[in-house]
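Since we're looking at a predicted model, the values are computed, not measured. The figures that follow rest on heavy atoms only: side chains count, while hydrogens, waters and symmetry mates do not.
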Amino acid sequence: MRAEHDEPGAAGRPAEPEPQRGPEPERTPGQPERTPGQAERAPEQGQGARAGAAKSRRFPSVTEGTVRPEGSGRAVPGAVSTPARQWPMLSVLAATAAGLLTTATGHPRVGCLMIGIALIAAAALRRFLPSVGMLAVRSRFTDMITYGLLGVAITLLALVMEPNPTLDIPFLESAVRFTVR
């Protein structure tokens with residue numbers, strides 16, 4: 001009977017052949033001596049990745065760079081000025097500012113509707129445009145859900161706002177009375 005831990009191929013797997021190595025690179029004076037493993041990796045270190053090595057599914061222990069969100073590219077080519085490249089974000093901000101100004105001038109329902117519609121439009125822009133500039137914060141799905149839910153919530157709140165709510169929800173009055181008192 002063979003000892004299974006002594007032989008590399010004893011567990012039912014064939015023994016793996018050792019990789020063939022080329023001649024060792026010559027050392028210049030003042031250069032430290034390298035072990036065989038370091039000699040293999042030395043030329044590839046400047047490339048940032050090991051050639052021929054299997055890609056690991058683990059996150060690297062050291063961050064090598066940052067990845068931009070998927071839609072964070074420019075909405076218009078780089079030759080155009082910055083405001084024109086960021087038109088999706090600027091249009092949503094302008095509509096939101098107009099809604100805030102309308103609310104401040106004494107028309108809260110109309111102003112909140114404008115803000116809600118601006119957020120719903122942001123969700124639509126994020127969905128249908130391939131690149132939306134700074135409107136892309138997270139993944140496309142997360143941005144769409146966030147902008148859409150906030151826009152719908154603000155729009156619904158504007159519609160049920162007192163006095164004279166435009167949308168009448170029967171159980172809302174009893175729910176508010178129960179939570180306030």
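Between Leu156 and Leu167 the shortest side-chain heavy-atom distance falls below 4.5 Å.
Applying the side chain to side chain contact (heavy atoms under 4.5 Å, CB included) rule to Ala95 yields the partners Ala118; only residues at least two apart in sequence or on another chain are considered. Taking Ile145 as the reference, Phe141, Leu149 meet the side chain to side chain contact (heavy atoms under 4.5 Å, CB included) condition, with sequence neighbours excluded. Every side-chain hydrogen bond (donor to acceptor under 3.5 Å, both in side chains) that Thr142 has, sequence neighbours left out, goes to Ser139.
The shortest non-hydrogen separation linking Gly111 to Thr103 is CA-OG1, 3.3 Å. Scanning both residues, Ala158 and Arg109, for their nearest heavy atoms gives O-NE, 3.1 Å. Scanning both residues, Thr105 and Thr102, for their nearest heavy atoms gives OG1-O, 2.8 Å. For the residue pair Ala98 and Met114, the shortest heavy atom distance occurs at CB-CE, 3.5 Å. Residues Thr155 and Ile117 approach most closely at OG1-N, 4.0 Å, considering heavy atoms. The two atoms that bring Leu135 and Pro88 nearest to each other are CD2-CB, 4.1 Å, heavy atoms only.
One finds the CZ atom of Arg127 at 13.0 Å from the CG atom of Asp143 (value rounded to the nearest 0.5 Å). Atom CG of Leu93 and atom CG of Leu100 lie 10.5 Å apart (nearest 0.5 Å). Between the CG atom of Leu113 and the CE atom of Met161 there is a distance of 8.0 Å, given to the nearest 0.5 Å. To the nearest 0.5 Å, atoms CZ (Arg126) and CZ (Arg138) are separated by 10.5 Å.
Leu101 and Leu90 fall into different hydrophobic clusters, where Ile, Leu, Val, Met, Phe, Trp and Tyr residues are linked whenever their side-chain heavy atoms come under 4.5 Å apart, directly or through other members. Following chains of ILVMFWY side-chain contacts shorter than 4.5 Å, one can reach Val160 starting from Val152, so the two form part of one hydrophobic cluster. Residues Leu159 and Leu157 are members of separate hydrophobic clusters, defined by side-chain heavy-atom contacts under 4.5 angstrom among Ile, Leu, Val, Met, Phe, Trp and Tyr. One hydrophobic cluster, built from ILVMFWY side chains closer than 4.5 Å, holds both Leu119 and Val137. Cluster annotation: Ile120 is not connected to Met144 through the hydrophobic network of ILVMFWY side chains, with a link wherever side-chain heavy atoms come within less than 4.5 Å.
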Chi angles and distances behind the side-chain contact (heavy atoms from CB on, under 4.5 Å) call for Tyr147, Leu125: CA-CA 10 Å; Tyr147 296 145; Leu125 287 172; over 6 Å; no
